[in-house]
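Structure record follows, encoded as structure tokens.
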There are 2 protein chains.
Amino acid sequence: MVSETEKKIFEAARSVFMQKGIDGARMQEIADAAGINKAMLHYYFRTKEKLFVAIVAEAFADFFPNMIDIALLDLPIRDKIGAFIDRYLDMVGKNPFLPHFMIHALYRNPELAGEVVANMGHFPKQIIGLIANEMEKGTIPKSSPQHFVLNLVSMLIFPIVGRPIVQLIYFDNDVELYNGILKERKEEILKTILKEQ
Amino acid sequence: MVSETEKKIFEAARSVFMQKGIDGARMQEIADAAGINKAMLHYYFRTKEKLFVAIVAEAFADFFPNMIDIALLDLPIRDKIGAFIDRYLDMVGKNPFLPHFMIHALYRNPELAGEVVANMGHFPKQIIGLIANEMEKGTIPKSSPQHFVLNLVSMLIFPIVGRPIVQLIYFDNDVELYNGILKERKEEILKTILKEQ
DNA sequence: CGCATTATTAACCATATGGTTAAACCAAAT
DNA sequence: ATTTGGTTTAACCATATGGTTAATAATGCG
């Protein structure tokens with residue numbers, strides 16, 4: 001059972017850490033965002049480090065299970081990949097900072113790897129196995145399942161995670177224009193990855 | 001004319017900022033890395049902010065011109081894209097933090113956009129125009145030049161910028177294994193983007 | 001109620017941090 | 001040799017920051 005205060009702290013911490021990372025975040029700022037006294041942060045989470053780790057762990061623990069169940073749907077592979085893309089873009093719509101946060105957290109804190117692995121089950125291996133299967137069936141172009149998945153997630157995630165640069169240099173920082181491009185990504189990725197002309 | 005000291009500061013600052021970002025970097029750490037007194041940092045660059053901006057500006061000013069001249073080579077498009085990929089992987093080999101640094105810098109400091117745009121010439125537009133041209137000629141599959149370029153840079157950059165996560169969850173953090181995968185990327189990207197079966 | 005446990009606050013603390021200063025150093029010009 | 005200008009250093013400063021504490025308030029329970 002978690003107290004209301006603890007929940008408020010957690011939410012505030014999530015918001016601040018997501019946007020600023022552990023280095024850019026200030027405990028006082030988190031306290032202010034939560035509307036409580038700074039001492040409460042330490043009362044509930046001891047240190048900034050522990051609070052941060054809790055947020056990182058939650059992010060990873062939420063992300064992977066949320067993606068994996070799509071693999072279990074009984075759908076043709078094209079629809080399954082489409083659902084995967086939809087789900088991802090949906091998550092990102094709710095929290096645009098998530099992808100960069102996850103990457104940056106591991107860049108700056110590689111020691112969190114262990115923490116994080118525990119929270120993701122067998123997601124990756126299942127996906128790769130599933131793709132290998134479809135390749136054997138001939139429903140998707142035969143190649144390396146690893147590269148296939150890497151291509152998929154790259155084309156899906158990079159336009160999000162690299163948005164500040166890509167939007168700036170290719171689209172004159174036009175937010176609306178770039179949102180339009182993102183909406184087209186699903187069809188574009190499917191066509192590319194399935195090598196449809 | 002820049003003094004030897006200024007150069008040492010700049011190199012040290014580049015190394016530290018690249019790895020830790022502006023928030024994670026300490027002026028003392030930069031001074032130590034440069035082997036000089038902390039006061040010299042302020043003597044030559046006034047503030048941490050200004051020093052950081054100088055490093056960011058250099059990164060962008062180096063990156064784009066270095067990539068663009070490939071577009072000017074008189075090569076078949078497949079070779080040109082291949083050279084583009086080679087060049088990028090080569091840069092990253094020399095500085096693995098560069099892609100993440102550039103993205104993170106703009107995430108945390110969107111106000112640097114102006115600073116940065118000045119340093120990149122017409123790189124993006126030229127590339128898009130070039131691709132549109134090839135599509136008309138029929139040398140690459142017809143689709144949106146914007147998406148084509150986005151697909152290319154995504155498949156190229158994401159495995160680098162997302163390395164901490166991808167390597168961890170798909171490849172058990174096996175560095176050698178992942179290096180092997182990266183070596184295969186060039187052929188894989190070309191095949192995918194050109195829709196070769 | 002009365003007591004014990006938990007939650008909350010304001011004030012405080014030690015240290016880290018970006019930045020400053022005044023004095024010393026040094027090379028070139030006079 | 002003295003002056004002059006830029007360069008370098010050690011010491012210093014103000015403030016920010018993560019974290020603590022002791023006292024107070026609220027809550028639950030016998």
Side-chain angles (χ1 to χ4, degrees), chain A residues 1-59 97 101 104-105 107-112 115, chain B residues 1-59 97 101 104-105 107-112 115:
Chain A
M1 189 228 68
V2 278
S3 75
E4 211 55 38
T5 305
E6 189 170 339
K7 267 189 254 173
K8 281 195 290 181
I9 292 175
F10 209 78
E11 271 164 51
R14 190 192 300 124
S15 163
V16 173
F17 280 138
M18 286 268 172
Q19 295 184 50
K20 309 203 168 178
I22 188 173
D23 296 320
R26 295 292 97 107
M27 292 299 264
Q28 188 60 59
E29 187 183 0
I30 295 173
D32 292 347
I36 49 103
N37 189 290
K38 180 164 73 87
M40 297 311 289
L41 304 187
H42 296 98
Y43 180 75
Y44 282 105
F45 293 92
R46 300 287 306 160
T47 69
K48 185 187 189 185
E49 197 85 11
K50 284 192 205 305
L51 178 54
F52 178 70
V53 171
I55 299 295
V56 172
E58 184 209 41
F97 291 97
F101 171 77
H104 185 63
Y107 251 103
R108 288 284 296 131
N109 312 85
E111 76 280 3
L112 292 186
E115 201 81 28
Chain B
M1 185 230 68
V2 278
S3 74
E4 211 55 40
T5 305
E6 189 170 340
K7 268 189 252 170
K8 281 195 290 180
I9 292 175
F10 209 77
E11 272 164 49
R14 191 193 300 124
S15 163
V16 173
F17 279 139
M18 285 268 172
Q19 295 183 50
K20 310 203 167 176
I22 189 173
D23 296 320
R26 294 295 96 110
M27 292 299 265
Q28 187 59 61
E29 186 184 359
I30 295 173
D32 291 347
I36 49 103
N37 188 291
K38 179 164 73 85
M40 298 310 309
L41 303 188
H42 296 99
Y43 180 75
Y44 282 105
F45 294 92
R46 301 290 304 163
T47 70
K48 185 188 187 185
E49 199 84 11
K50 285 192 204 306
L51 178 53
F52 178 70
V53 171
I55 299 296
V56 173
E58 184 210 40
F97 292 96
F101 171 77
H104 185 64
Y107 252 104
R108 288 285 294 134
N109 312 86
E111 76 280 3
L112 293 187
E115 200 81 30

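Convention: sequence-line order gives letters A, B, ...; per-chain numbering from 1.
- Ring geometry, A:Phe52 versus A:Phe101: the interplanar angle exceeds 60°, so the pair is classed perpendicular (tilted spans 30 to 60°).
- In summary, the side chains of B:Thr5 and B:Tyr43 do not present any donor paired with an acceptor at a separation below 3.5 Å, with no hydrogens or angles considered.
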- Task: Could you encode protein contacts along nucleotides 23-29 of chain D as a string, one character per nucleotide from 5' to 3', using B for base contact, S for sugar-phosphate-only contact and - for no contact, with a heavy-atom cut-off of under 4.0 Å?
- Result: -------
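- Within residues 30-57 of chain B, the residues that place at least one heavy atom under 4.0 Å from DNA chain D are, in residue-number order, B:Asn37, B:Ala39, B:Met40, B:Tyr43, B:Tyr44.
- Between D:dT8 and B:Thr5, a contact under 4.0 Å exists linking OP1 or OP2 to a side-chain N or O.
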- With side chain to side chain contact (heavy atoms under 4.5 Å, CB included) as the test, would you mind laying out the steps for B:Glu115 and B:Val56 before giving the verdict? CA-CA 9 Å; B:Glu115 200 81 30; B:Val56 173; over 6 Å; no
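- The CG atom of A:Leu112 sits 8.0 Å away from the CD1 atom of A:Ile22 when rounded to the nearest 0.5 Å.
- A distance of 13.0 Å separates CG of A:Leu51 from CZ of A:Arg46, quoted to the nearest 0.5 Å.
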Atom pairs and distances, side-chain donor-acceptor, residues 10-18 of chain A, under 3.5 Å, sequence neighbours left out:
| from | atom 1 | to | atom 2 | distance (Å) |
| --- | --- | --- | --- | --- |
| A:Arg14 | NE | A:Glu58 | OE1 | 2.9 |
| A:Arg14 | NH2 | A:Glu58 | OE2 | 2.9 |

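- When DNA chain C is scanned 5' to 3' for any atom under 4.0 Å from a heavy atom of chain B, the first and last hits are C:dT17 to C:dT21.
- Atom NZ in A:Lys48 sits 5.0 Å away from atom CZ in A:Arg26 (nearest 0.5 Å).
- Here A:Lys20 does not pair with B:Asp23 in a salt bridge; the nearest charged N to carboxylate O distance is not below 4.0 Å.
- Comparing the local axis fitted to the first five base pairs of the helix from C:dC1-D:dG30 to C:dT30-D:dA1 with the one fitted to its last five gives a bend of 10°, rounded to 10°.
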Which pairs of donor and acceptor atoms, one on a side chain in residues 31-41 of chain B, lie under 3.5 Å apart (sequence neighbours left out)?
| from | atom 1 | to | atom 2 | distance (Å) |
| --- | --- | --- | --- | --- |
| B:Asp32 | OD1 | B:Gln28 | NE2 | 3.0 |
| B:Asn37 | OD1 | B:Ala39 | N | 2.8 |

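- Here the closest heavy-atom approach between residue B:Thr47 and residue B:His42 is recorded as CA-CD2, 4.3 Å.
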